[in-house]
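Below is one structure, written out as structure tokens; comments come after it.
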2 protein chains.
Amino acid sequence: MVKSGKVTMSDVAQLAGVSPMTVSNVINDRVRVNEDTRARVLAAIRESGYQINPSARNLRSGRSGVIGLAIPQIGNPYFGMFAALVIEEARRHGYHVAIEQTGALAAGEAAAIAQSRRLELDGLLLSAVEIESLVPPVSVQSYPIVLLGEQDPAGRFDHVTVANEAGTAAATEHLIDQGCSRIAVVTGGDLDRLTMITRRYNGYRSALEDRGLRPDPELRFTLDDLSWEGARSTGHWIADSDLGIDGVVAFSDTVAMGVMRGLRDRGVSVPDDMRLIGFDNVPESAIFIPSLSTVSPDHRWKAAKAVDLIVSRIADPTIPPRQFTAPFEIIRRESTA
Amino acid sequence: MVKSGKVTMSDVAQLAGVSPMTVSNVINDRVRVNEDTRARVLAAIRESGYQINPSARNLRSGRSGVIGLAIPQIGNPYFGMFAALVIEEARRHGYHVAIEQTGALAAGEAAAIAQSRRLELDGLLLSAVEIESLVPPVSVQSYPIVLLGEQDPAGRFDHVTVANEAGTAAATEHLIDQGCSRIAVVTGGDLDRLTMITRRYNGYRSALEDRGLRPDPELRFTLDDLSWEGARSTGHWIADSDLGIDGVVAFSDTVAMGVMRGLRDRGVSVPDDMRLIGFDNVPESAIFIPSLSTVSPDHRWKAAKAVDLIVSRIADPTIPPRQFTAPFEIIRRESTA
DNA sequence: TTGTATGCGTTATCAA
DNA sequence: TTGATAACGCATACAA
């Protein structure tokens, strides 16, 4: 067993007494190779500790077998869980996933990512926050892109999304069904652009209106910081406000848990004093105390669909953009009991 | 703006009226290039939508600028948090990080990973669970490896670890200081080999002995499943046992949170009926209700050190293996109040 | 300061 | 069934 490092295909070929091409054929089993030869080659590969050089292979073949998954924060429970599913689904199609952390970026950073790539990607699953600004630089890419979560206003990309409006509407109605009438909403950032957050806010609003409740601007709380600590502070504001709030719709489970913590800091009890519902059904939400009611999109479905889309588009870049929305259900847990 | 895709350096060169080599020099700014020429080249790059071909560059240069980070579960809060730190630290050194999910693998799978790489890596940060079985196949790798968390019994690799024994000992002593005398421990897997988990168990044991408490085998609970649900079940067992347990040391925060949930399912209150402490100080532990006391290793220090090690070893593979242990502190929160 | 020649390790093509 | 040849796109070494 040679110490490896720079064993090339030619070395293996020499060792096995065949041509490099035959080694290549064995490795990729492209054509029928004599059983004897194949065995000799395999033995030589083992003996030499040969490992294929991906760069050379990619350069020659034009494909890398790698798809990128760009997400804002790898440490976020939602993205972590989703990444694991994408990895699994991609493996079924023979693809490897390279995870990219974008950090909820704006245009300039997107461009940087696009240019500074050190990885050869066959395609990219892009879970972006700021699609509008992201699209121009991103369209220069040389590989297909599938958008996750957000939608491209111009409709130029495949995308898989979740039922943002319907999901939040159902969540809001669930609170109403549980007897809430002063329902606050926790959003993030501004609502001028039609982002995921805006869609979720719209779902909340329309559910209130459908059920004859008047959306009250005072009941809208905006996160100035998407971290858990930011959400916790929002919980403090809600607790300290004197608005008779008896229910809260948060735009994500992560935020919901932070808000719960903030409420708890102020001695507000969930669900006794106030009910609360999130969005995503991250694994943590079942474990949290109290466990968190939430909108649960079918994440596996979403991951599988995203991978299907990118794989098919890699195969044929000319097909027109396709769009899918993952099914969801409301999970009732202690936080809205 | 050409639609890109297969614009090569030669195309850019032609467009700018220079040689390919000059384009290369501008891109990598290796030698001094005339300001005029540089401007022309940059314009040509923008105009053509040129993007460097990483495969060709890597093939030629022998380096990819990418280090791998192999972790068992990307969805696990600890690994997610740690990955984010590694990405940051690597960027400082001009490296890109490719995250690899190994799934708490055994030898065969490790070999598979080693062989089936589709990424060209300059080095690998390996956060392994099963080091002993992992090492043989992994040593065939053609790039440097730094071990995280676990240690190589044979001492052949650089590694960065945390104070597993001292940390858990301090955690156990904290419980004793808080008045606990029947302290259970939650471990995972068998304790025959000197894994991270065994070290943490040893810390618990030695702290008990140091403080004149007898380690009771009945108070050791073993997870049969590292998931949150597994930990939750363990919480049920602890609650249902009639052993007078008044404190619990869990080998990780994730497990601790699952156990808390299990205790809560049975109406056991933390910290009133039972105190509980974890290990890792993941972001979730500050938010959890009750917030979780824990052993907090300096994760940023650990990430920075790991990146330092791999970068220096890439530069000079001949230096002897080095080993570091991250400092830690005990974080006191509600769960042991 | 810029250009020319050459080869990195692999695979597509075609010939034997 | 196997092998010879060329080429993928870039950067190193050296020459101009």
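The chains referred to below are lettered A, B, ... by the order of the sequence lines, with proteins before strands, and numbering in each begins at 1. The model shown is predicted, which means the values in this text are computed figures rather than measured ones.
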Exercise. B/M9 has a side chain; which of C/dG9, D/dT2, D/dA11 sits nearest to it?
Worked result: D/dA11

Seminar exercise, completed: Side-chain atoms of A/R32 come closest, of C/dT10, D/dC10, D/dT1, to D/dT1

Exercise. Whole-Å distance between C/dG9 C1' and B/N58 CG?
Worked result: 13 Å

Exercise. Contact class for B/T37 (heavy atom, under 4.0 Å): base, sugar-phosphate, or nothing?
Worked result: sugar-phosphate

Exercise. Any side-chain N or O of A/T22 under 4.0 Å from OP1/OP2 of D/dG3?
Worked result: yes

Seminar exercise, completed: Side-chain contact check for B/L59: nearest option of C/dT13, D/dA11, C/dC8 is C/dC8

Problem set entry | Proximal nucleotide (of C/dT10, D/dG9, D/dG3) relative to the A/Y50 side chain | C/dT10

Exercise. What's the CD1-P distance between B/I45 and D/dG9, to the nearest Å?
Worked result: 16 Å

For this session: May I have the distance from B/M21 (atom CE) to D/dT12 (atom P), rounded to whole angstrom?
Result: 7 Å

Exercise. Expressed in angstrom and rounded to an integer, what is the separation of A/R63 atom CZ from C/dT10 atom C1'?
Worked result: 15 Å

For this session: For the residue pair A/S312 and A/R322, confirm or rule out a side-chain donor-acceptor distance under 3.5 Å.
Result: yes

Problem set entry | A/S19 side-chain proximity, nearest of C/dT11, D/dT1, D/dA4 | D/dA4

Exercise. Under 4.0 angstrom, heavy atoms only, what part of the nucleic acid is B/N28 near: base, sugar-phosphate, or nothing?
Worked result: sugar-phosphate

For this session: Can you figure out which of D/dT2, D/dC10, C/dT2 approaches the side chain of B/V33 most closely?
Result: C/dT2

Exercise. Does a side-chain N or O from B/T8 land closer than 4.0 Å to OP1 or OP2 of D/dG9, or not?
Worked result: no

For this session: Return no unless some side-chain N or O of A/N25 is found under 4.0 Å from OP1 or OP2 of D/dT1.
Result: no

Problem set entry | Distance-only polar pair, side chains of A/D122 and A/S64, donor-acceptor under 3.5 Å | yes

For this session: Establish whether the base of C/dG7 is bridged to the side chain of B/R60 by a donor-acceptor pair shorter than 3.5 Å.
Result: yes

Exercise. Hey, do the aromatic rings of B/F324 and B/H159 have their centres closer than 6.0 Å?
Worked result: no

Problem set entry | A/E88 bridged to A/R300 by N-O distance under 4.0 Å | yes

Exercise. Judged by modelled atom types alone, do A/R40 and A/N34 share a side-chain donor-acceptor pair under 3.5 Å?
Worked result: no

